[in-house]
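Input: a single structure, listed below in structure tokens.
Model, not experiment: these values are computed from the prediction. Nothing fancy with the numbering, it's 1 onward along the sequence.
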Amino acid sequence: MVDRLANSEANTRRISIVENCFGAAGQPLTIPGRVLIGEGVLTKLCRKKPKARQFFLFNDILVYGNIVIQKKKYNKQHIIPLENVTIESIQDEGDLRNGWLIKTPTKSFAVYAATATEKSEWMNHINKCVSDLISKSGKTPSNEHAAVWVPDSEATVCMRCQKAKFTPVNRRHHCRKCGFVVCGPCSEKRFLLPSQSSKPVRICDFCYDLLSTGEMPACQPMRSDSYSRSPKPPLNDMSDDDEDDDSS
């Protein structure tokens, strides 16, 4: 089915529409053999709060961006090669239902669909695309992935020292290795995590000590593959608001 659609006019037209919606700031998406499998709005669990994002599933990449005007204009395009993706279902919790993890070596995050049926369809299609890609390439599926960041609202105090309270002055930071929300003094060190950046990135003191002594490999996540949200403290998000959930 995918092979039949690869060079069809309808597929080319659909991909062109997606390109136009992202405008000049987006990357070109039309290449030989690429097929747009499906699209839809998913709720992405960002560091500040859950946010609606437009997702496009192709047979080789997953693309998402911020919604400016639904079906007409998107920005902040992100492109994820599917051959590096693994996905994992997560349990419903409160208002966050029908979710799963999208895990890659550079970034991992949770998304939520509107219904259980929609979740199942997304996960089945993603798994099928990944399986087909790996089968054609002969590559071994990647077990390496970045930690899923704990949302800011889950921590009113540093998750390492358990003492420093977050305020507009004492800002939240994220350890790139374990994904914990930590204070500045507990995350002053940097360490090179090649899968995430060509430059040393912020990590907490605990992960730094393990990495420095070789007790933890730089290519493996600190936290379990299973996404477990920490016990909910009162929502008291005092950190500066930002449009990009990758900072700090």
Any idea which heavy atoms bring Gly179 and Ala147 closest together, and the distance?
N-CB, 3.8 Å
Residue pair Ser212, Phe191: steps toward the side-chain contact (heavy atoms from CB on, under 4.5 Å) verdict:
CA-CA 9 Å; Ser212 299; Phe191 199 92; 4.2 Å; yes
Interatomic spacing from CZ in Phe58 to CZ in Arg14 - rounded to 0.5 Å
8.5 Å
Between Asn11 and Leu36, is there a side-chain heavy-atom distance shorter than 4.5 Å?
yes
With the threshold set at 4.0 Å, does a side-chain nitrogen-carboxylate oxygen contact exist between Asp132 and Lys128?
yes
Using 0.5 Å steps for rounding, measure from the CG atom of Leu82 to the CD1 atom of Ile37.
9.5 Å
Same hydrophobic cluster for Leu29 and Val35, using side-chain heavy-atom links shorter than 4.5 Å among ILVMFWY?
no
Can you check whether Leu57 reaches Trp122 side chain to side chain, under 4.5 Å on heavy atoms?
yes
Transitive ILVMFWY side-chain link Val182 to Val157, under 4.5 Å
no
Within 45° of the axis and under 6.0 Å from the centre of the six-membered ring of Tyr112, does NZ or CZ of Lys119 qualify?
no
Could you label the plane-to-plane angle of the Phe56 and Phe22 rings as parallel, tilted or perpendicular, counting under 30° as parallel and over 60° as perpendicular?
perpendicular
With hydrophobic residues grouped by side-chain heavy-atom distances under 4.5 Å, do Phe206 and Leu193 end up in a single group?
yes
Using only atom types and a distance under 3.5 Å, with no angle test, would you say the side chain of His125 pairs donor to acceptor with the backbone of Gly38?
no
Distance, nearest 0.5 Å, that separates CD of Glu88 from OG of Ser108
10.0 Å
Determine whether Leu211 and Lys177 make a side-chain contact, defined as any pair of heavy atoms from C-beta on separated by less than 4.5 Å.
yes
Shortest non-hydrogen separation from Cys183 to Asn170 and the atoms involved
CB-OD1, 4.2 Å
Tell me, please, which residues at least two apart from Ser137 pass side chain to side chain contact (heavy atoms under 4.5 Å, CB included).
Lys139
With sequence neighbours left out, the residues meeting side chain to side chain contact (heavy atoms under 4.5 Å, CB included) with Arg97 are Asp92
Hydrophobic cluster membership, Ile126 vs Val63, 4.5 Å side-chain cutoff:
no
Please determine whether side-chain hydrogen bond (donor to acceptor under 3.5 Å, both in side chains) holds for the pair Arg53 and Asn66, giving the CA-CA distance in whole Å, both sets of side-chain angles, and the decisive distance to 0.1 Å.
CA-CA 5 Å; Arg53 296 286 184 257; Asn66 294 7; 3.0 Å; yes
Checking salt bridge (charged side-chain N to carboxylate O under 4.0 Å, His left out) against Asp152, which of Arg171, Lys48, Lys49 comes through?
Lys48
Step-by-step side-chain hydrogen bond (donor to acceptor under 3.5 Å, both in side chains) determination, Gln70 to Gln54:
CA-CA 8 Å; Gln70 182 62 46; Gln54 183 73 27; 3.1 Å; yes
First locate atom NE2 of His173, then atom OG of Ser187, and finally report the distance between them rounded to the nearest 0.5 Å.
5.5 Å
Inter-residue atom distance Leu62.CG - His78.NE2, 0.5 Å rounding
11.5 Å
Are more than 12 heavy atoms from other residues, nucleotides or ligands located less than 6.0 Å from atom CG of Asp95?
no
Check whether Ile79 and Val18 end up in the same hydrophobic cluster, where Ile, Leu, Val, Met, Phe, Trp and Tyr are linked by side-chain heavy atoms less than 4.5 Å apart.
yes
Heavy-atom closest pair (Asn98 atom, Ala114 atom, distance to 0.1 Å) is ND2-O, 3.4 Å
Taking the side chain as every heavy atom from C-beta outward, state whether Glu188 and Arg202 have any pair of such atoms under 4.5 Å apart.
no
CA sep, side-chain torsions, deciding dist, call: Gln196, Thr106, side-chain hydrogen bond (donor to acceptor under 3.5 Å, both in side chains)
CA-CA 4 Å; Gln196 296 191 36; Thr106 56; over 6 Å; no
Hey, does the side chain of Ser195 reach the backbone of Pro105 with a donor-acceptor pair shorter than 3.5 angstrom?
yes
Would you say Cys21 and Lys73 make side-chain contact, with heavy atoms under 4.5 Å?
no
Side-chain touch Arg34/Asp60, heavy atoms, less than 4.5 angstrom:
yes
Can you list the steps and then say if His174 with Val181 is a side-chain contact (heavy atoms from CB on, under 4.5 Å)?
CA-CA 5 Å; His174 277 85; Val181 184; 3.5 Å; yes
Non-hydrogen atoms of Leu45 and Pro151 that approach each other most closely
CD2-CG, 3.8 Å
For Gly33, does its backbone N or O pair with a side-chain atom of Asn59 as donor and acceptor, under 3.5 Å?
yes
Chi angles and distances behind the side-chain contact (heavy atoms from CB on, under 4.5 Å) call for Leu42, Glu118
CA-CA 10 Å; Leu42 297 173; Glu118 187 178 339; 3.9 Å; yes
Euclidean distance, Lys51 NZ relative to Lys44 NZ, rounded to 0.5 Å:
8.5 Å
Locate the shortest heavy-atom distance separating Tyr74 from Ile67; write the atom from each residue and the value.
CD2-CA, 3.8 Å
Before accepting this row, confirm whether a basic side-chain N of the pair Asp205/Arg160 lies closer than 4.0 Å to the acidic partner's carboxylate O.
no
Should Thr104 and His145 be marked as a side-chain contact (heavy atoms from CB on, under 4.5 Å) after you check the CA-CA gap, both sets of side-chain angles, and the distance that decides it?
CA-CA 5 Å; Thr104 80; His145 61 83; 5.9 Å; no
Note, Ser16 side chain near Asn20 side chain (heavy atom, < 4.5 Å):
yes
Measuring only between side-chain heavy atoms, which start at C-beta, is Phe55 closer than 4.5 Å to Val41?
no
Closest heavy-atom contact between Val85 and Ile87?
CG1-CG2, 3.9 Å
Within the 6.0 Å centroid threshold, strictly below: Phe109 and Tyr64:
yes
